[in-house]
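Whatever order the structure lists ligands and atoms in, that order sets their numbers, starting from 1.
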Amino acid sequence: MIPAEFGYVRPESVEEAVTSLTEAGEDAKVLAGGQSLLPLMRLRLAYPEVLVDLDRVAELRGVRDDGDALFIGAMTTHDEVAKDSLVRAHAPLVALATATVADPAVRHRGTFGGSLAHADPAGDLPAVTLALDAVFVARSDRGTREIPASEFFVDLLTSALEPDELLTGIRLPKLGEGWACHYEKFHRTAQAWAIVGVACAVRRSNGTVAEARVALTNMGSAPVRAHAVETAVAGGPVSLDAFRSAAEAAAEGTDPPADLHGSVEYRGHLARVLTARALASAGGLS
Ligand SMILES: Cc1cc2nc3c(=O)[nH]c(=O)nc-3n(C[C@H](O)[C@H](O)[C@H](O)COP(=O)(O)OP(=O)(O)OC[C@H]3O[C@@H](n4cnc5c(N)ncnc54)[C@H](O)[C@@H]3O)c2cc1C
């Protein structure tokens, strides 16, 4: 399959990239790792007139410590994120989930920002950023805008980014003392997309759950926070029975797809089972 004809620019700074996007107008697309965009172009499901390739924009790469948060540059690859010592120490949920994304070849090209801007509900990282209350930083010629994760994922393959906005990076509040995390992913074969996934973080204190965060992958057209589960476990004991009982509410308010891999009911069942497992693991019980 051959993509439709397109123009191509290769900026070397964020400033130049933003100018290119503004000049090209609505028919431009940012090219990051190309792992999702290029297949769509080859199938002619996407046909941008101009590609703005970020490969040479060095300032978009890397992880930095911003005090009470980490900042992950949009062009940092999955492989770099999964192995980064700051990410492992302060945002282990990101490292765990990123290690489950696709295969090594895709992880070496695909980027953290590209995955999130793509806003695929089956992608592993949107639910993770939702659970961690991440903040998305976007630049355009109108200035810099910060978008909370709860507002970033709008619909299937649709983020809150405007066509002329460049995602420069994602700020992740550090998890402090007492937090532990787990990403539970159910997939048909190793290195495949999630049929359902659960991103979970639990803060324990004196044998009880002080706070829990639970977000679901592929249970709707955008990632969903399982607030009913979070409320049910907060203040309660760290026990399998309590986690299983709270997880019964995992599918509440979700609208999962039905496809070749599972019906709506099956995905609801998976959400409950995987949430109980994720809570048990983050709660230190397995
Ligand atoms: C075989 C295969 C298996 C995969 N399995 C998984 C999986 O199990 N789990 C999973 O989560 N993902 C999976 N992926 C997707 C993978 O994570 C991709 O890397 C990711 O979806 C897109 O990242 P990218 O850097 O390649 O972005 P690209 O494909 O370059 O871009 C994707 C979209 O985001 C936009 N975009 C990219 N960067 C920016 C930016 N900085 N600012 C604004 N817009 C931007 C682009 O314009 C485009 O619309 C898989 C991909 C493949 C090919």
With sequence neighbours excluded, residues passing side chain to side chain contact (heavy atoms under 4.5 Å, CB included) with Lys174: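 Listed in chain order: Asp65, Leu70, His90.
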What are the two closest heavy atoms between Met75 and Glu80, and how far apart are they?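 For Met75 and Glu80, the tightest heavy-atom pair comes out as O-OE1, 4.4 Å.
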Contacts table for ligand 1: protein N or O within a distance under 3.5 Å of ligand N or O, distances only.
from     : atom 1 : to     : atom 2 : distance (Å)
ligand 1 : 8 (O)  : Ala102 : N      : 3.2
ligand 1 : 8 (O)  : Lys185 : NZ     : 3.2
ligand 1 : 8 (O)  : Ala192 : O      : 3.3
ligand 1 : 9 (N)  : Asp124 : OD2    : 2.7
ligand 1 : 11 (O) : Asp124 : N      : 2.8
ligand 1 : 11 (O) : Asp124 : OD2    : 3.4
ligand 1 : 17 (O) : His78  : NE2    : 3.1
ligand 1 : 17 (O) : Ser115 : OG     : 3.1
ligand 1 : 19 (O) : His78  : NE2    : 3.3
ligand 1 : 21 (O) : Ser36  : OG     : 2.7
ligand 1 : 23 (O) : Ser115 : N      : 3.4
ligand 1 : 25 (O) : Gly33  : N      : 2.9
ligand 1 : 25 (O) : Thr111 : N      : 2.8
ligand 1 : 25 (O) : Thr111 : OG1    : 2.6
ligand 1 : 26 (O) : Gly34  : N      : 3.1
ligand 1 : 26 (O) : Gln35  : N      : 2.8
ligand 1 : 29 (O) : Gln35  : N      : 3.3
ligand 1 : 29 (O) : Ser36  : N      : 2.9
ligand 1 : 29 (O) : Leu37  : N      : 2.7
ligand 1 : 30 (O) : Ala32  : N      : 2.8
ligand 1 : 30 (O) : Gly33  : N      : 3.3
ligand 1 : 30 (O) : Gly34  : N      : 2.7
ligand 1 : 41 (N) : Leu167 : O      : 3.0
ligand 1 : 42 (N) : Leu167 : N      : 2.9
ligand 1 : 47 (O) : Val30  : N      : 3.4
ligand 1 : 47 (O) : Val30  : O      : 2.6
ligand 1 : 49 (O) : Lys29  : NZ     : 3.2

Is there a path from Tyr8 to Leu38 through hydrophobic residues (I, L, V, M, F, W, Y) whose side chains come within less than 4.5 Å of each other? yes
Would you please name every residue forming a side-chain hydrogen bond (donor to acceptor under 3.5 Å, both in side chains) with Thr111, sequence neighbours left out?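 side-chain hydrogen bond (donor to acceptor under 3.5 Å, both in side chains) list for Thr111, sorted by chain: empty.
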Donor-acceptor side-chain pairing of Ser221 and Asp155 below 3.5 angstrom: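 Judged by distance alone, the side chains do pair up.
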Pairing residues for Phe136 by the ring pair (Phe, Tyr, Trp, His ring centres under 6.0 Å) criterion, not counting sequence neighbours: Phe152, Phe153
